[in-house]
2 protein chains.
Amino acid sequence: MTDAKPRQTKQRAAIVDALGRGGFRSAQDWHDVLRHDGAAIGLATVYRALQALAESGDVDAVVTDSGETLYRLCEAGEVHHHHLRCRACGAAEDVDIPTFEAWATSVAAQHGYSRIEHTVELTGVCHQCATEGA
Amino acid sequence: MTDAKPRQTKQRAAIVDALGRGGFRSAQDWHDVLRHDGAAIGLATVYRALQALAESGDVDAVVTDSGETLYRLCEAGEVHHHHLRCRACGAAEDVDIPTFEAWATSVAAQHGYSRIEHTVELTGVCHQCATEGA
DNA sequence: ATGTATAGTGATAATCGTTGTCAAATAGAG
DNA sequence: CTCTATTTGACAACGATTATCACTATACAT
């Protein structure tokens with residue numbers, strides 16, 4: 001189990017840098033952002049980096065109803081939490097659910113399940129988008 | 001808003017019938033099930049029917065991490081609830097989270113969000129699968 | 001600093017789930 | 001039964017993601 005640590009490359013740095021501006025975006029959107037910033041970077045590289053970062057816990061990844069995966073930088077060392085995302089503008093707030101983790105584990109145990117994982121996604125329309133239209 | 005009601009066809013009936021045996025499965029899996037049952041039905045039809053049923057609330061649809069959509073028959077008139085699914089065998093239990101709905105609404109309100117929707121998915125490994133392997 | 005093994009990159013092809021297309025089949029009204 | 005709008009189904013098209021593979025650049029030893 002000698003999982004090699006990733007090398008430090010210009011591309012990785014550029015990606016993390018772009019991620020720094022926040023927000024949930026798809027891999028392809030981040031790629032566009034990087035290109036606009038003048039970075040010469042391949043789409044495949046963005047996918048790979050984002051995946052690696054998600055795996056190492058440095059970014060949050062959520063799957064939308066349409067099957068797209070959205071990524072967002074996750075502050076290092078943060079405790080597990082969930083997101084409240086605006087369906088209109090994509091803004092996202094962090095929220096945490098005090099008793100949820102414990103509840104999930106206990107309910108799962110009652111059903112004989114182990115190795116529990118959970119996904120909690122809240123979406124809505126933020127105040128600004130709500131007052132603007134639709 | 002004259003949403004035409006769907007016609008009653010053999011295919012729809014066969015699909016609902018197959019759904020009747022329970023379990024979360026992808027559209028393609030349901031299609032396989034139907035073919036094994038001897039039904040001559042097209043894949044596109046299964047997709048369409050499943051989508052329509054999901055929209056009308058007759059089936060639950062969840063999107064997996066890999067972007068696949070899984071469908072399961074949802075008892076009519078049931079109150080909103082969530083699922084605990086086995087990652088190994090696909091079995092699913094219904095669970096409900098007493099205070100979650102209220103909590104979600106209040107947290108969202110605190111952030112100024114409206115028209116809240118939420119997704120809660122619990123996955124684990126059921127007792128049987130846990131003792132058998134992996 | 002220089003060489004070298006190796007991991008990273010990126011253009012492109014391949015994959016996979018899903019949706020669109022359109023001629024043929026069929027449910028349901030009259 | 002007849003007619004017409006829906007539905008069907010084989011297949012093409014699509015979009016997001018992943019695999020391929022020759023090429024490049026990093027990290028480390030010399």
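All chains are named by letter (A, B, ...) in the order of the sequence lines, taking the proteins before the strands, and each is independently numbered beginning at 1.
Of all heavy-atom pairs spanning Cys86(B) and Cys129(B), the tightest one is SG-SG, 3.8 Å. Counting all heavy atoms, side chain and backbone alike, Trp30(B) lies closest to Ala18(B) at CZ3-O, 3.4 Å. Contact detail for Ile116(B) and Gly124(A): the closest heavy-atom pair is CD1-CA, 3.9 Å. Minimum heavy-atom separation, Leu43(B) to His31(B): N-NE2, 3.4 Å. When all heavy atoms of Ile41(A) and Arg35(A) are compared, the pair lying nearest together is O-NH1, 2.8 Å. Counting all heavy atoms, side chain and backbone alike, Leu19(A) lies closest to Leu73(A) at O-CB, 3.8 Å.
Atoms CD (Glu68(B)) and C1' (dG17(C)) sit 7 Å apart, rounded to a whole Å. Rounded to whole angstrom, the span from the OH atom of Tyr71(A) across to the C1' atom of dA16(D) amounts to 10 Å. When the P atom of dG15(D) is taken as reference, atom CG of Leu70(A) falls 18 Å away, rounded to whole Å. Between the P atom of dT18(D) and the CG atom of Leu50(A) lies a distance of 11 Å, rounded to the nearest Å. Rounded to whole angstrom, the span from the OH atom of Tyr47(A) across to the C1' atom of dT17(D) amounts to 5 Å. With rounding to whole Å, Leu43(A) atom CG is found 11 Å from dT18(D) atom P.
Put simply, Gln11(A) has no side-chain N or O that comes within less than 4.0 Å of OP1 or OP2 on dA25(D). Contact annotation: Arg12(A) does not reach the phosphate of dT26(D) (side-chain N/O to OP1 or OP2, under 4.0 Å). Contact annotation: Thr69(A) side-chain N/O to dT17(D) OP1/OP2 distance is under 4.0 Å.
Here the straight-line distance linking atom CG of Asp17(A) with atom CG of Asp37(A) works out to 7.5 Å at 0.5 Å rounding. The OG1 atom of Thr105(A) sits 11.0 Å away from atom CD of Gln110(A), with the distance rounded to the nearest 0.5 Å. Considering CG of Asp29(A) and CD of Glu68(A), their distance stands at 7.0 Å, rounded to 0.5 Å.
Of the residues in residues 14-37 of chain A, none has a non-hydrogen atom less than 4.0 angstrom from any atom of DNA chain C.
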Protein proximity profile, nucleotides 21-30 of chain C - base contact B, sugar-phosphate-only contact S, no contact -, cut-off 4.0 Å on heavy atoms: B-----BS--
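Map Gly67(B) and Ala49(A) each onto its nearest nucleotide of DNA chain C; the residue landing nearer the 5' end is Ala49(A).
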